[in-house]
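Notes to accompany the following structure.
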Amino acid sequence: MSTLRGIVSLLLLTLTTLIWGVPLLMMTLVKLLTPGHRWRLAVLKVINAIALNWIGLNLWWMRHWLKPQLDIELPKGLSRRRGWLVLSNHRSWTDIFVLFFAMHRRIPMPRFFLKRVLIWVPIVGLAWWALEYPFMRRMTAEQRARHPHLARRDREATERMCERAREMPIAIFNFVEGTRFTPIKHAAQGAPYRHLLRPRAGGVAQVLNLLGDQLAGIIDVTLHYDNPNPSFWGYLCGHEGRIVMQTRILPIEDWMHNGNYQDNASDKERFHSWINALWHQKDERLSHF
C-alpha cells in the first residue's frame with residue numbers, strides 16, 4: 001500500500017507541475033520577448049504568482065493525501081513585505097516541502113541556491129531559470145583555486161539575485177551544508193558536529209554583504225526527522241514519520257554587511273567563527289532529539 005501511495009503521490013506531483021507548467025512556459029516566452037527592464041520585472045511578478053500557486057496546490061494535496069506528521073515552530077514577526085535570508089540544515093528533498101508548509105505566503109517568494117545540473121530537470125528546471133534562481137557549481141576549495149573564473153561566475157549569479165531582491169522582496173533559502181547529510185559524507189568530512197556537515201560560509205556572506213541592509217532578518221531553521229534515513233520517496237509513500245522544524249529570527253549585525261568577506265582575512269575569519277558557532281548551537285538542539 002505504501003508503494004501505491006508513493007506512485008499516486010508522484011502522479012499528483014507530475015499533474016500539478018503540468019497544470020501550472022503550461023502558463024509558466026508561456027510567461028517565460030513572454031519574458032524573453034519583452035523589451036525593457038520595467039516590463040520584464042512585471043512579467044517576473046506574474047511568474048512568481050504562478051510558482052506560488054504551484055506550491056499551494058502541492059501543499060493542499062499533500063496535506064490531505066499524505067497527512068505528514070509535522071511539528072513546526074514559527075517565530076512571530078514574519079512578513080511578506082520584507083526580504084529574508086533562511087538558513088537550514090539539509091537532510092532530504094523533503095526539506096523543501098517542509099519549509100513550504102511552514103512559510104508559504106508568510107514570507108516572500110522563495111529563491112534557492114541550486115546545483116547547476118538541476119537546470120536540466122524537465123519543466124521545473126525551466127521554471128527555476130525563469131524565476132532567476134542562482135545555479136551554482138559544486139566545487140571544492142582546491143577546484144575553486146584552480147578555476148577562479150568558475151567561482152567568479154557563482155558570485156556573479158548571487159549578485160544578480162541580490163540586485164533583483166532590491167526591486168522586489170524575496171526570501172533567499174540556503175542549505176548551508178551544500179548537500180544532504182548522510183553518515184558517509186559526515187565521516188568523509190570529519191565534521192566537528194554529531195548531526196551536521198560543515199557549513200559553507202561564502203554564499204551567506206555574499207548575500208549579507210550585498211543585501212544585509214535590505215533584509216528583515218535571518219531565519220535560522222533546524223530540521224529533525226524521527227526517521228534516521230529520510231528520503232523524498234519515503235515521504236511520498238506516507239511513512240516518513242514525525243518531522244520537527246524549529247525556527248528563530250536572528251538579527252543582521254552591521255559587520256555582516258559592512259565587511260569584505262572576499263578580500264579581508266579578518267572579516268572572513270569573523271564570519272566563519274559566527275557561522276560555525278551557529279552550527280554548534282544547531283547541533284546541540286538536534287542532540288536533544
Side-chain angles (χ1 to χ4, degrees), residues 20-21 23-56 77-88 96 99-100 102-116 118-119 124-136 151-176 202-219 221 249-262:
W20 288 107
L24 187 142
L25 291 172
M26 293 173 60
M27 293 309 301
T28 300
L29 180 60
V30 171
K31 183 185 176 188
L32 287 172
L33 299 177
T34 299
H37 177 78
R38 177 185 172 188
W39 289 106
R40 283 197 297 272
L41 182 60
V43 175
L44 178 60
K45 292 180 179 179
V46 175
I47 296 175
N48 278 347
I50 292 172
L52 286 172
N53 286 328
W54 176 83
I55 293 170
L78 298 181
S79 170
R80 290 188 290 177
R81 298 182 179 181
R82 296 288 306 277
W84 300 88
L85 174 61
V86 182
L87 306 181
S88 176
I96 296 173
L99 289 167
F100 286 163
M103 301 184 188
H104 180 57
R105 298 193 185 277
R106 290 188 173 95
I107 61 177
M109 177 66 197
R111 296 292 191 281
F112 288 88
F113 287 88
L114 299 174
K115 301 171 189 173
R116 193 166 183 82
L118 293 178
I119 198 172
V124 179
L126 180 62
W128 288 328
W129 176 82
L131 288 163
E132 302 180 357
Y133 280 39
F135 290 92
M136 318 299 284
R152 186 168 58 251
R153 289 179 188 174
D154 284 354
R155 291 195 297 270
E156 290 170 354
T158 304
E159 288 173 3
R160 288 193 295 270
M161 177 180 63
C162 291
E163 288 172 4
R164 182 65 74 202
R166 291 187 173 276
E167 299 173 308
M168 56 189 295
I170 63 175
I172 301 171
F173 287 65
N174 193 339
F175 292 117
V176 188
V204 178
Q206 188 179 7
V207 169
L208 290 175
N209 184 243
L210 294 171
L211 276 183
D213 57 338
Q214 299 288 312
L215 300 175
I218 300 168
I219 303 176
V221 176
I249 296 177
L250 304 177
I252 297 175
E253 302 177 30
D254 289 341
W255 65 266
M256 293 178 174
H257 59 86
N258 290 330
N260 186 345
Y261 177 85
Q262 294 297 328

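Treat the numbers as computed from the prediction; the structure is a model and nothing was measured.
Remark: the backbone N or O of P110 is paired with a side-chain donor or acceptor of Y133 at under 3.5 angstrom. R80 places no side-chain N or O within donor-acceptor distance of the main-chain N or O of P169, the cut-off being under 3.5 Å.
Applying the side-chain hydrogen bond (donor to acceptor under 3.5 Å, both in side chains) test to pairs two or more places apart or on separate chains, those with a residue in residues 25-35 are K31-E132.
Residues V204 and I218 fail the side-chain proximity criterion, which asks for heavy atoms closer than 4.5 Å. For the pair V86/I107, a side-chain contact is recorded, criterion being any heavy-atom separation below 4.5 Å from C-beta on.
Within 6.0 Å of CH2 in W39 there are 12 or fewer heavy atoms belonging to other residues, nucleotides or ligands. Within a 6.0 Å sphere centred on CE of M26, heavy atoms belonging to other residues, nucleotides or ligands number 12 at most.
Within the model, atoms CZ of R105 and CG of L52 stand 5.0 Å from one another, a figure rounded to the nearest 0.5 Å. If you take CZ on F173 and CZ on R111, they are separated by 11.0 Å, rounding to the nearest 0.5 Å. Distance check, rounded to the nearest 0.5 Å: CG of N48 to CG of N53 gives 11.0 Å. Interatomic distance, M109 CE to K45 NZ, rounded to the nearest 0.5 Å: 14.5 Å. Atom-to-atom distance recorded for I172:CD1 and W84:CH2 is 13.0 Å, nearest 0.5 angstrom.
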Decide yes or no on side chain to side chain contact (heavy atoms under 4.5 Å, CB included) for I219 and L78, but give the supporting numbers first. CA-CA 9 Å; I219 303 176; L78 298 181; 3.6 Å; yes

Do M103 and V221 pass the side chain to side chain contact (heavy atoms under 4.5 Å, CB included) test, and can you show the C-alpha distance, the side-chain angles, and the key distance before you say yes or no? CA-CA 11 Å; M103 301 184 188; V221 176; 3.8 Å; yes

Can you check side chain to side chain contact (heavy atoms under 4.5 Å, CB included) on T158 and F113, steps first, answer last? CA-CA 9 Å; T158 304; F113 287 88; 3.5 Å; yes

Quick one: do E167 and R164 satisfy salt bridge (charged side-chain N to carboxylate O under 4.0 Å, His left out)? Show the steps, please. CA-CA 5 Å; E167 299 173 308; R164 182 65 74 202; 2.7 Å; yes

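Of all non-hydrogen atoms in S79 and P108, the two that sit nearest each other are O-CD, 3.5 Å. Between R82 and L215 the shortest heavy-atom distance is NH2-O, 3.4 Å.
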Distance-only criterion, 3.5 Å: show the donor-acceptor pairs between side-chain atoms of residues 205-212 and protein atoms not counting sequence neighbours.
from, atom 1, to, atom 2, distance (Å)
Q206, NE2, R155, O, 2.8
N209, ND2, H257, O, 3.3
N209, ND2, G259, O, 2.6

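Classification of the F175-F112 ring pair by plane angle, with boundaries at 30° and 60°, yields parallel.
Here the rule is side-chain contact (heavy atoms from CB on, under 4.5 Å) with P23, and of V46, I50, I47 only I50 fits it.
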